[in-house]
Number of protein chains: 4
Amino acid sequence: MRSKAPIDEKSRAAEVSKRRVSLHSSKNNSRHSDKYQRILDAAILVIAEHGYFQSRVSEIAERAGVADGTIYLYFKNKEEILRAAITSAFTEFLRRARHELESTSDPVEQLHRLARLHLSALSANKPLAAVFQTELRHSAKFLAEFSRTELKQYFDLIREIVRRGQQAGTFRPGVSDKIVANCFFGALDEMVTSWVLSDHDYPLEGAAVAVADVIISGLKA
Amino acid sequence: MRSKAPIDEKSRAAEVSKRRVSLHSSKNNSRHSDKYQRILDAAILVIAEHGYFQSRVSEIAERAGVADGTIYLYFKNKEEILRAAITSAFTEFLRRARHELESTSDPVEQLHRLARLHLSALSANKPLAAVFQTELRHSAKFLAEFSRTELKQYFDLIREIVRRGQQAGTFRPGVSDKIVANCFFGALDEMVTSWVLSDHDYPLEGAAVAVADVIISGLKA
Amino acid sequence: MRSKAPIDEKSRAAEVSKRRVSLHSSKNNSRHSDKYQRILDAAILVIAEHGYFQSRVSEIAERAGVADGTIYLYFKNKEEILRAAITSAFTEFLRRARHELESTSDPVEQLHRLARLHLSALSANKPLAAVFQTELRHSAKFLAEFSRTELKQYFDLIREIVRRGQQAGTFRPGVSDKIVANCFFGALDEMVTSWVLSDHDYPLEGAAVAVADVIISGLKA
Amino acid sequence: MRSKAPIDEKSRAAEVSKRRVSLHSSKNNSRHSDKYQRILDAAILVIAEHGYFQSRVSEIAERAGVADGTIYLYFKNKEEILRAAITSAFTEFLRRARHELESTSDPVEQLHRLARLHLSALSANKPLAAVFQTELRHSAKFLAEFSRTELKQYFDLIREIVRRGQQAGTFRPGVSDKIVANCFFGALDEMVTSWVLSDHDYPLEGAAVAVADVIISGLKA
DNA sequence: AATGAATGAGTCTTCATTCAT
DNA sequence: GATGAATGAAGACTCATTCAT
């Protein structure tokens, strides 16, 4: 029974700048990436504000500062925009997660780092977080694909840490790594959802230690 | 970064009977409750299959065995159908949860029971589970209302168990009951989502013990 | 270029009682006339308030204190209600007009009486006036029929007075009685429309003398 | 008791060309004004034929030679089409009326010219006349606005002529200019309505002199 | 005669997508 | 590549009318 703390239009609208996006330094390194990225960024903002199905392609275009038709030079259709936006952001997140884990091999520390990164990454971009928490699952086909590929890599990352911890004797055996991954991810995910839906903008990252603690304590040998 | 294991159109479509609903014994011939409930049941099926925004009111009507216009004798509009379906199912769930908790006062046992009920209740009705996991959050205003009322009661239930466990010395103090409730709910929720999105229909309830164990172990004094 | 002074929803709504109709003493002389007349009266009120096309049969039924289906025991369809309501009211008006003209044979006096009756009859029942001024013409077929029969009798009444006045030498010859009838009726009609559309409820009958004077002066030999 | 001479579906349908409109020289290739005007023209034809409420937007689109959706690039909704069509035609009429009055300052002559213009303008475009005579008053709010603005200017024009005639001694004093304006307008309006509703297409303009004469005679000092 | 729940045909409007410029 | 006017398919909802009771 998923669903979270309240969200209201106002807070959402407030946090989402209505001005044209310029999240990325407009170095314009290629004629492609410029508009392509502006469209993706605009899409995140618009979808975070209205939800995927109630977002208008024309509003994304307007926010990106391009003509409606231009969208279709870069994306096959509306769904592809959502797909690309989420995949691109998530790929970057995965890259950072892997990088983060390299500097230590202690499973406990690794889970802590993952929890911190999970919360801080989304915390840093509330519109993006809103899209991840609420819009990711709307297209069954897309979600199937995403879960089977991108998201699975994240789960595998977690499960491997757990397994190594169990092998090292840090974590007690007998707990399925799959279930632990679900718990770990689910707990963090729930924290983010609550935060996304809440009115007041409390610091999300602070919860990382507490959440990781609950899970890790439950794992300790 | 919410999103779960795969789901694909085919498996979903397969699991959802396309025949007219008859979940409830049709003895009830009182015209109202009869059609009202048939519409709600049909709505759950159709929405589970297509998602709220891609569900057609006419399909709900057809599946409920009534004319399109009849829908509007019982519901103000499409959104009200979703709202009513979810609220009605969740209210029933809450009733059962409270009943379940009455027969014991041991916090550990109570959390176990809650976990089992959570998973078995949704496990028993996959279309309903699909709606809870994916469609609950589409209307910001609706979700706000739902989170503020129905769902909050569930969270309060969990938090109170945790607090009583801490007072009794069963659970270690120093962990916010709110965060624990988020972890507990989030972990279960993630289990359900994975299950809803998965192809093969594995027994969901079996995971209850494991999930509760992880969280409870993390809480033990 | 027909159209008149302003009308606003509020004034209309205000002047039209929303309570059930009981314009006629409910002697209930026949089982028929009771509900039949109540439906007609309710129809006038509702149509005056919303206009024919925006009136709901169910509202007429409610205002008449009968069930929706009952309407169709007395009238073939919605249009027949309008037709019957207008015809019935106009027939009564014609009867009174003829009666009024009997007591004098002076054309000038007759025109004055007609003007007075025209304005006072409608003035006494603003909802009815509203229907006459605005709703009479919506069904081409109905209007055709009405103009060819009921209304034509009124025009004939006027034309005959004019012709007799010309024969008697009171009115100058050389003016087409048809055109005079149009002027006479058009002038009165315009007075009523202005009044119906106006906010403040000024006394309409007072204008009868003035209007008749203008036309009659234009006719004097 | 408004309503006029007969009109029947057949005669109406006959007089209204079903072919695509091309009232305006199509030199104007500026996409906007071109389609905008074509839609307005088509709307007049369709509304004249069926009445506003029974006109289909899709028929207007078809008659204008555009797609249904194109209508909404130029007009907010169906009602706006009617509003724009009437306002635009009436504004042009007012412009011509004012121009017509400039070339003489004799009140008698001015009223004659106004009568002639009123009848010839509508006589020249029977569908437009039909719309003016029958559809103008359907939306209370619209009519209120129209009467308060456009139509009021026409009445003011008439009233000023009457007042100047009275000051000049041409017209007898003691007759309210407002009532005279009502008589003048009402008489002309009635002529047009009769003509619009009649089967045979008699010359309307010929009546101008007669009508003006009746009213003017009634005014003479 | 009376009821009112049920019907289902009918239409305005939206908006993703295309394509001539 | 870029534009944005134009397209037209699609669907929620209304309401006159019916008919079993």
Side-chain angles (χ1 to χ4, degrees), chain A residues 30-32 34-36 39 52-62 64-81, chain B residues 30-32 34-36 39 53-62 64-81, chain C residues 31-32 34-36 52-62 64-81, chain D residues 30-32 34-36 39 53-62 64-81:
Chain A
S30 77
R31 63 245 79 107
H32 183 261
D34 181 29
K35 292 199 173 158
Y36 182 84
I39 293 168
Y52 174 73
F53 283 102
Q54 278 156 332
S55 292
R56 307 293 147 232
V57 171
S58 59
E59 188 179 349
I60 295 176
E62 189 188 17
V66 302
D68 291 16
T70 305
I71 297 268
Y72 292 88
L73 297 176
Y74 295 93
F75 300 93
K76 192 168 135 267
N77 54 34
K78 187 183 170 185
E79 192 185 335
E80 284 305 310
I81 306 173
Chain B
S30 95
R31 246 164 277 36
H32 178 83
D34 184 23
K35 295 212 167 129
Y36 181 84
I39 293 168
F53 283 103
Q54 276 154 334
S55 293
R56 305 293 145 230
V57 170
S58 59
E59 188 179 350
I60 296 176
E62 190 186 18
V66 300
D68 291 17
T70 305
I71 297 271
Y72 294 89
L73 295 177
Y74 296 92
F75 301 93
K76 196 168 131 269
N77 53 37
K78 187 182 169 185
E79 191 185 338
E80 284 304 309
I81 306 174
Chain C
R31 62 246 78 105
H32 183 263
D34 181 29
K35 291 198 173 158
Y36 181 85
Y52 174 73
F53 283 103
Q54 278 156 332
S55 292
R56 306 293 146 230
V57 171
S58 59
E59 188 178 350
I60 296 175
E62 188 186 21
V66 301
D68 292 17
T70 305
I71 298 269
Y72 292 88
L73 297 175
Y74 295 93
F75 300 93
K76 192 168 135 267
N77 54 36
K78 187 182 169 185
E79 191 184 338
E80 284 304 308
I81 306 173
Chain D
S30 96
R31 246 167 276 36
H32 179 84
D34 184 21
K35 296 211 167 132
Y36 182 84
I39 292 168
F53 284 102
Q54 277 155 332
S55 293
R56 305 294 145 230
V57 170
S58 58
E59 187 177 350
I60 296 175
E62 190 186 17
V66 301
D68 291 16
T70 304
I71 298 270
Y72 293 88
L73 295 177
Y74 296 93
F75 300 94
K76 195 168 133 269
N77 53 35
K78 188 182 168 185
E79 192 184 338
E80 284 303 310
I81 306 173

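Below, chains carry the letters A, B, ... as their sequence lines are ordered, and counting in each starts from 1. Just so it is clear, the model here is predicted, and its values are computed rather than measured.
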5′-ward residue of the pair I71(B)/V57(D) relative to DNA chain E: I71(B)
Identified pairing partner of dT14(F), criterion: Watson-Crick or G-U wobble below 3.5 Å: dA9(E)
Length of the CZ-P vector between F53(D) and dA16(F), whole Å: 13 Å
Atom-to-atom span, CD of Q54(D) to P of dA16(F) - whole angstrom: 12 Å
Candidates dT3(E), dA6(F), dG11(F) - which lies nearest the side chain of R56(B): dG11(F)
Under 4.0 angstrom between S58(C) side-chain N/O and dC15(F) OP1 or OP2: no
Residue Y72(B), side-chain atoms from C-beta onward, closest of dT3(F), dC13(F), dT18(E): dC13(F)
D68(B) side chain, from C-beta outward: closest of dG4(F), dC13(F), dC12(E): dC13(F)
N/O (side chain, T70(B)) to phosphate O (OP1/OP2, dA6(E)) under 4.0 Å: no
Check: I60(B) and I39(B) side chains under 4.5 Å, non-hydrogen atoms: yes
Side chain of K78(B) - closest among dA1(E), dC13(F), dT7(F): dC13(F)
For atom NZ of K76(C) and atom P of dT17(F), their distance in whole Å: 9 Å
Rounded interatomic separation in angstrom, taking CZ from F75(D) and P from dT14(E): 15 Å
Closest to the A67(C) side chain, choosing from dT7(F), dA12(F), dT3(E): dT3(E)
Check: E80(C) and Y74(C) side chains under 4.5 Å, non-hydrogen atoms: no
First encountered from the 5' end of DNA chain E, between G69(D) and L73(C): L73(C)
K35(C) side-chain N/O to dA1(E) phosphate OP1/OP2 under 4.0 Å: no
